[in-house]
2 protein chains.
Amino acid sequence: MQDRLIETAIDCFGRRGFDGASTRDIARASGTAMSSITYHFGGKEGLYLACAEHIAAKISERHAAALELTADASAIDRETAIERCLAIIDGFAQTMLHPDSENWARFIVREQQAPTEAFERLYLGAMKNLMEGVAALLHVVRPALPERERRALMMLIFGQALVLRAGRASVCKALGTEELGEAEAALLRAQIRTNTIAILSGGTT
Amino acid sequence: MQDRLIETAIDCFGRRGFDGASTRDIARASGTAMSSITYHFGGKEGLYLACAEHIAAKISERHAAALELTADASAIDRETAIERCLAIIDGFAQTMLHPDSENWARFIVREQQAPTEAFERLYLGAMKNLMEGVAALLHVVRPALPERERRALMMLIFGQALVLRAGRASVCKALGTEELGEAEAALLRAQIRTNTIAILSGGTT
DNA sequence: GTCTATACTACGATAGAC
DNA sequence: GTCTATCGTAGTATAGAC
């Protein structure tokens, strides 16, 4: 029942936010009583944190393959490093485009707006490793760029994929579509790849 | 008192979201009675929509100069069009970085996650003109690129600036800082400019 | 136009039966 | 481990005084 509650809660919290979602709704949708939440998680906040950890685990799982691409960064050449960066960014973009990711992606975007303890768990459990891995890859791609500039560069590249979720409504307006389907997804992913190549292939200095 | 309520409400809604903010709090912080909200706006939702329109007006004002840059797009050369795009993106990035923009930026990001009537008003009142203007500029920069690809390209460029607000917590983690101060802002804006030049200077075909 | 008082609903937490 | 019942609090809305 704990798992069932967490699954339902991620959906509710993702849709309506922490305050918008009610424990009664979550319990009802899970087919149990509200007091189960108190019993299993100690309360609404405990359930929320459990959701954050569950999401972190899911992301880690999904990005396990990507994470392997960041191993031995110092032992590969520039071409390979660029190719791996492109693969990781594309994976991230796919996640941002995937309907299944909608609820927990919204969960994370909300947390970024007003970080709580939950963000810390998301960061440590899922994001930190990936970000540090990409930073190491970029060190190979742009060895002469100062560390801070390189990290800024990294976040801006991620921003291209993030906008697909965080700015979804605007992206749809721009493309003149109601939602991002297969065709739009392919187009956006290809464009991200093109842009990222342009950004990374630039100054080798 | 209407203005006072709207100012306070934008702050509250930005911080805690629609459900998280309470009309009692908003009224108290505005130094008036809760029933004033009903009187002036018909209820919580009416106040929320009034906030959206107020924000749209503020943005329009702030981006008025940028909008002028998009005029006569068909009559300028490629170099000029690129320069204007860079100026507009930089202005947008500054907005995303500016502390004053924090609350209404959060307001908008929230709306994008789960668009309501308020997003429609924000889009029509503030975003549409700017986006269409930039699209026209990009038509000069990349005349051979298909329309849909060009619009995708535009949103991805905006994504670089959006991440500064929507992914703020992660950007801070990546840069190893608690908040984005003057130094970080300058660094990020410069990097966005560099990246955008790389993206736009690419295929002239 | 603004405030007070109040009605009604829904929330989260908790105690106790099973 | 799960449910029912209930408490106190806080939410929006509304009627009516000033």
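Note: hydrogens, waters and symmetry copies are ignored here, and every other heavy atom, side chains too, is used. In the text below, chain A, chain B and the rest are named by the order of the sequence lines, each starting its count at 1.
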Could you check which residues of residues 41-55 of chain B get a heavy atom under 4.0 Å from DNA chain D? Sort them by number, please. B:G43, B:K44

Is A:E61 salt-bridged to A:K58, cutoff N-O under 4.0 Å? no

Output the residues of residues 6-24 of chain A in contact with DNA chain C, where contact means a heavy atom of the residue under 4.0 Å from an atom of the strand; sort by number or write none. A:A21, A:S22, A:T23, A:R24

A:R193/A:D90 ion pair, N-O < 4.0 Å: no

Hey, is A:R151 close enough to A:E147 for a salt bridge, meaning N to O under 4.0 Å? yes

Check whether B:T23 reaches the backbone of B:I37 with its side chain - one donor and one acceptor, N or O, closer than 3.5 Å. no

Is a side-chain N or O of B:K173 found less than 3.5 angstrom from the main chain of A:M127, in a donor-acceptor match? no

Whole-Å distance, A:I37 CD1 to C:dA15 P, equals 17 Å

Salt-bridge test for B:R189 and B:E184: reply yes if a basic N is under 4.0 Å from a carboxylate O, no otherwise. no

For B:E7, is there an ion pair with B:R4 - N to carboxylate O distance below 4.0 angstrom? no

Output a table of nitrogen or oxygen pairs between the protein and nucleotides 2-4 of chain D separated by less than 3.5 Å.
| unit_1 | atom_1 | unit_2 | atom_2 | d |
| --- | --- | --- | --- | --- |
| D:dT2 | OP2 | A:H40 | NE2 | 2.4 |
| D:dC3 | OP2 | A:T32 | OG1 | 2.3 |
| D:dC3 | OP2 | A:A33 | N | 2.9 |
| D:dC3 | N4 | A:S35 | OG | 3.3 |
| D:dT4 | O4 | A:S35 | OG | 3.1 |

In whole Å, I'd like the distance from the CD1 atom of B:I26 to the C1' atom of D:dT12. 12 Å

Should the pair A:E117-A:R121 be classified as a salt bridge under the 4.0 Å nitrogen-to-oxygen rule? yes

Could you walk me through whether B:E111 and B:Y123 satisfy the side-chain hydrogen bond (donor to acceptor under 3.5 Å, both in side chains) test, starting with their C-alpha distance in whole Å, then the side-chain angles of each, then the deciding distance to 0.1 Å, before giving a yes or no? CA-CA 11 Å; B:E111 270 302 316; B:Y123 180 73; over 6 Å; no

Do B:Y48 and B:F107 have ring centres separated by under 6.0 Å? yes

